[in-house]
Amino acid sequence: MPELAEVEYFRKQWNPGMGKRVKEIIINKKARVFRGEKPETMKKLITHARFNSSAAAAKQMVFLFNKNLWIGIHLGMTGRMECRPKNQTPIKHDQLILKMSSGPQLIFNDPRQFGRVQFFQGEGVPPWWAKISPAILSQEFNAKELGEFLKRRKGSTIKAVLLMQERFPGIGNWMADEILWRAGFHPAARAGKFGPKSIQLLFKTVREVCRDAFRVIGKDWSDPPDSWLFNHRWKKGGRCPKTKVLLERKTIGGRTSCWSPTRQPLGAERR
DNA sequence: ATTCTTGTTGCATC
DNA sequence: AGATGCAACAAGAA
């Protein structure tokens, strides 16, 4: 589930602990979300540290503590951040719990454990945070860049290209489908076939979907309106909100893609 | 019981 | 080099 705006939403779930100190850390002994990290080291260093701030970029979050301590969390497919009252006992799939002094428990819960917890201490910025590409809504992301990227990936389907995190940080499966549906491009269109008008339209739509996602989902996890493809894409017999035609589904670019055959004909990208 | 999945990585292959 | 396809990770839902 967690793409760009959902990640931003989850980041804020730890806000009630901000400014407080970590009293105790509980780590799921069987957790594999730590990968190469040493959870014991992290436990030792973060305990008693003060949680100062947090940030999200793409699908990555960071939580900053004093003494130059960083926790990075990627939610994978099923990760979620929670805040629970202090005396509540852990539930299934809790991977990391920060018990804050005079307050709540901050929890990372992840059933499938495709998520990841990273840890860093030092001057400067952790490498895995520094290497995230400039945000889609920043100045560095522009139509020229986009066009050049499409040229470089000319043989790939546009769906696969939109999922490439190095150029579209934070875009996931549903956002990619939403973008293509709004702009009227077939997910299997080849990136190299996009003409100047289409590149401009794609650029505009990518940014629009990001903005809308932040506004609706990132803010308070509101349900998107039925005018988005989002609410229809998984429903059996789902119909295009604009043309009412039956939506099609197929694996494209390695992922289940959903599109409206009338709105998104192959070839529209040539303009 | 079986098949599906909103993410990412690594590997084999073309 | 670039693209594709698949398996792996693991659990729950349909």
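Lettering of chains follows the sequences in order, A, B, ..., and the numbering in each one begins at 1.
Looking at the side chain of A:Asn173, the nearest of the listed nucleotides B:dG7, B:dT5, C:dT4 is B:dG7.
In the region residues 150-171 of chain A, proximity to DNA chain C at under 4.0 angstrom, judged on heavy atoms, holds for A:Arg152, A:Arg153, A:Lys154, A:Gly155, A:Ser156.
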Check the pair A:Glu40, A:Lys44 against salt bridge (Lys or Arg N to Asp or Glu O under 4.0 Å), reporting the backbone distance first and the verdict last. CA-CA 6 Å; A:Glu40 291 310 314; A:Lys44 206 180 299 169; over 6 Å; no

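Residue-environment remark: NZ (A:Lys144) stays at or below the threshold of 12 foreign heavy atoms within 6.0 Å.
Residue A:Leu4 comes nearest to A:Met175 through the heavy atom pair CB-SD, 4.0 Å, listed as atom of the first residue, atom of the second, then distance. When all heavy atoms of A:Lys20 and A:Ser102 are compared, the closest pair comes out as CE-O, 3.2 Å.
Between A:Gln60 atom CD and B:dG7 atom P there is a gap of 15 Å when expressed in whole angstrom units. For A:Trp234 and B:dT6, the CH2 to C1' distance is 7 Å, given to the nearest whole Å. When rounded to the nearest whole Å, the span between CD of A:Glu3 and P of B:dT5 equals 15 Å. Look at CD1 on A:Ile73: it is 18 Å from P on B:dG7, rounded to the nearest Å. If you take CE of A:Met77 and C1' of C:dA7, they are 14 Å apart, rounded to a whole angstrom. When rounded to the nearest whole Å, the span between CG of A:Leu4 and P of B:dG7 equals 12 Å.
For the pair A:Glu6 (side chain) and A:Glu3 (backbone), a donor-acceptor distance under 3.5 Å is present.
Counting non-hydrogen atoms under 4.0 angstrom, A:Arg35 reaches nothing in the nucleic acid.
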Its contact letters, B for base, S for sugar-phosphate only and - for none at protein heavy atoms under 4.0 Å, make nucleotides 9-14 of chain C read BBBS--

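Under the 3.5 Å distance criterion, with hydrogens and angles disregarded, no donor-acceptor pair is assigned to the side chains of A:Arg21 and A:Ser101. When only modelled atom types and interatomic distance are considered, A:Asn173 and A:Lys159 share a side-chain donor-acceptor pair under 3.5 Å.
For C:dA8 and B:dA1, the C1' atoms lie 22 Å apart once the distance is rounded to whole Å.
Taking a pair to require two hydrogen-bonding distances under 3.5 Å in either a Watson-Crick or a G-U wobble arrangement, B:dG7 pairs with C:dC9.
Between A:His74 and the phosphate of B:dT8, there is a side-chain N or O to OP1/OP2 separation shorter than 4.0 Å. A sub-4.0 Å separation between OP1 or OP2 of B:dT6 and a side-chain N or O of A:Thr256 is present.
Geometrically, A:Arg233 does not engage A:Trp228 in a cation-pi contact defined by less than 6.0 Å to the ring centre and at most 45° from the axis.
Comment: A:Glu148 does not engage A:Arg152 in a salt bridge, judged by the lack of any side-chain N to carboxylate O separation of less than 4.0 angstrom.
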